[in-house]
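The structure presented is a predicted model; accordingly, all values stated were derived computationally and were not measured.
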Amino acid sequence: MVQATPFLLVLFLALGAHSLSVKKCSLTGRWVNDLGSNMTITAVNANGIFSGSYHTAVTATSNEIKVSPLQGTMQKSPNQKGQPTFGFTVNWSFSDSVTVFVGQCFVDDDGKEVLKTMWLLRSHMEDIKNDWKATRTGTNVFTRLQLQE
């Protein structure tokens with residue numbers, strides 16, 4: 001039995017290390033992106049549907065920035081392994097535009113949750129001749145907003 005003990009110890013450590021590698025990332029909560037914009041996502045329901053609010057730090061309009069509603073969905077596939085893909089739409093309360101985001105929720109090597117996203121912003125145009133300048137694209141990285149203690 002003495003020789004079996006090292007084998008069992010190695011097996012236990014290997015199984016334990018495997019379970020530690022499955023890190024779960026949760027969309028729910030408060031987030032801030034690389035431009036200083038703040039986002040809050042409320043609870044994700046059983047179908048992966050969620051809502052929340054978005055307070056942008058940047059705008060191309062001269063209008064006063066207001067908190068805007070967001071609605072989205074998260075992939076609920078069992079293959080996601082705790083780092084789900086998602087998409088959401090922000091209907092800007094202060095301009096005639098809408099933005100769609102797609103991304104994935106990751107847990108980095110330090111155990112911190114990160115949302116890597118790409119977005120399309122569609123602005124209203126009065127004339128089809130100006131359609132060429134109506135859509136902008138970009139990327140944002142969101143990190144979980146830590147509460148002040």
Side-chain angles (χ1 to χ4, degrees), residues 10-149:
V10 169
L11 180 62
F12 175 77
L13 291 174
L15 291 173
H18 174 70
S19 66
L20 291 175
S21 68
V22 180
K23 300 172 184 174
K24 297 203 185 272
C25 190
S26 171
L27 291 178
T28 304
R30 296 178 60 210
W31 300 88
V32 62
N33 72 16
D34 45 326
L35 298 175
S37 298
N38 289 287
M39 174 176 65
T40 300
I41 296 176
T42 58
V44 178
N45 75 17
N47 295 322
I49 307 298
F50 61 88
S51 61
S53 61
Y54 198 105
H55 190 219
T56 187
V58 296
T59 182
T61 74
S62 58
N63 299 342
E64 175 188 352
I65 294 174
K66 296 179 181 177
V67 175
S68 299
L70 70 81
Q71 294 183 340
T73 185
M74 178 182 85
Q75 180 57 266
K76 296 294 283 185
S77 166
N79 297 328
Q80 292 294 321
K81 303 205 184 341
Q83 299 192 94
T85 56
F86 60 88
F88 63 88
T89 302
V90 178
N91 184 2
W92 300 110
S93 300
F94 57 91
S95 70
D96 292 334
S97 60
V98 66
T99 302
V100 292
F101 288 79
V102 293
Q104 187 169 356
C105 189
F106 290 103
V107 178
D108 70 13
D109 292 338
D110 297 325
K112 294 182 181 177
E113 294 165 300
V114 176
L115 306 180
K116 297 281 286 186
T117 67
M118 181 169 212
W119 52 263
L120 294 170
L121 179 140
R122 176 64 188 209
S123 298
H124 174 77
M125 291 292 130
E126 293 295 330
D127 190 308
I128 196 169
K129 290 181 236 170
N130 291 320
D131 183 65
W132 65 271
K133 63 181 180 178
T135 303
R136 296 183 182 111
T137 65
T139 60
N140 285 121
V141 177
F142 292 82
T143 54
R144 191 167 293 282
L145 192 59
Q146 302 301 320
L147 298 175
Q148 298 290 329
E149 295 186 29

Asks: Could you work out, with side chain to side chain donor-acceptor pair (under 3.5 Å) as the rule, every residue matching T89, not counting sequence neighbours?
Replies: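 Once residues adjacent in sequence are excluded, T89 has no partner under the side chain to side chain donor-acceptor pair (under 3.5 Å) criterion.
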Asks: Do the side chains of V44 and T28 get nearer than 4.5 Å, heavy atoms only?
Replies: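 In contact.
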Asks: Can any side-chain N or O of Q83 pair as donor or acceptor with the backbone N or O of V107 at less than 3.5 Å?
Replies: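 Indeed, once roles are kept as given, a pair shorter than 3.5 Å links the two residues.
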Asks: Please check: side-chain N/O of T85 versus main-chain N/O of Q104, any donor-acceptor pairing under 3.5 Å?
Replies: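 No, because the side chain of T85 does not come within donor-acceptor range (under 3.5 Å) of the backbone of Q104.
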Asks: I'd like to know if the side chain of T40 reaches the main chain of S53, judged simply by a donor and an acceptor atom lying under 3.5 Å from each other, with no hydrogens or angles considered.
Replies: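 Checked: no pair found.
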Asks: If you round to the nearest 0.5 Å, how far is OG1 of T56 from CG of N33?
Replies: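 That separation rounds to 7.5 Å.
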Asks: Over all heavy atoms of both residues, which pair between D110 and D108 is shortest? Give the atoms and the distance, please.
Replies: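 Result for this residue pair: N-OD1, 2.9 Å.
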Asks: If you measure from CZ on F88 to CD1 on I49, what distance do you get to the nearest 0.5 Å?
Replies: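 If I round to the nearest 0.5 Å, the distance is 14.0 Å.
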Asks: For residues L35 and V58, report the shortest heavy-atom separation together with the two atoms involved.
Replies: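 Scanning both residues completely, I find the closest heavy atoms to be CD1-CG2, 4.1 Å.
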Asks: Counting only heavy atoms not in R122, do more than 12 fall under 6.0 Å of its CZ?
Replies: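 Enclosed.
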Asks: If you round to the nearest 0.5 Å, how far is CZ of F50 from CG of N45?
Replies: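 Here the rounded value is 10.5 Å.
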Asks: Please enumerate all residues that pass side chain to side chain contact (heavy atoms under 4.5 Å, CB included) together with D127, with sequence neighbours excluded.
Replies: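 D127 satisfies side chain to side chain contact (heavy atoms under 4.5 Å, CB included) with K129, N130 only.
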Asks: Pairs in or reaching into residues 51-71: which pass ring-ring contact (aromatic ring centres under 6.0 Å, His included), with residues at least two apart or in two chains?
Replies: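 Every pair satisfying ring-ring contact (aromatic ring centres under 6.0 Å, His included) with a residue in residues 51-71: Y54-W92, Y54-F101.
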Asks: With E126, which residues qualify under side chain to side chain donor-acceptor pair (under 3.5 Å), at least two apart?
Replies: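 Applying side chain to side chain donor-acceptor pair (under 3.5 Å) to E126 gives H124.
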Asks: Check residues 113-120 and write down every donor-acceptor pair under 3.5 Å in which the side-chain atom is one partner and the other belongs to a residue at least two apart or another chain.
Replies:
residue: E113; atom: OE1; partner: R144; partner atom: NE; Å: 2.6
residue: E113; atom: OE1; partner: R144; partner atom: NH2; Å: 3.0
residue: E113; atom: OE2; partner: S26; partner atom: N; Å: 2.8
residue: E113; atom: OE2; partner: R144; partner atom: NH2; Å: 3.4
residue: T117; atom: OG1; partner: N140; partner atom: O; Å: 2.8
residue: W119; atom: NE1; partner: N140; partner atom: OD1; Å: 3.0

Asks: Side-chain contact, heavy-atom cut-off 4.5 Å: P69 with S93?
Replies: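 A side-chain contact under 4.5 Å exists here.
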Asks: What are the two closest non-hydrogen atoms of C105 and L27, and how far apart are they?
Replies: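 Closest approach of C105 to L27: CB-CD2, 3.9 Å.
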Asks: Given side chains that start at C-beta, do those of R136 and S123 come closer than 4.5 Å, heavy atoms only?
Replies: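 Yes, side chains in contact.
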Asks: Would the number of heavy atoms belonging to other residues, nucleotides or ligands and lying under 6.0 Å from CG of D131 be above 12?
Replies: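 More than 12 heavy atoms, drawn from other residues, nucleotides or ligands, come within 6.0 Å of this atom.
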Asks: Testing the basics here: between K76 and A46, what is the closest heavy-atom pair and its distance to 0.1 Å?
Replies: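 Heavy atoms only, the tightest pair is CE-O, 3.5 Å.
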Asks: Between S68 (side chain only) and K66 (backbone N and O only), is there a donor and an acceptor less than 3.5 Å apart?
Replies: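 Indeed, once roles are kept as given, a pair shorter than 3.5 Å links the two residues.
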Asks: Run the side chain to side chain donor-acceptor pair (under 3.5 Å) test against N47 and tell me which residues pass, sequence neighbours left out.
Replies: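 Result, side chain to side chain donor-acceptor pair (under 3.5 Å) vs N47: none returned.
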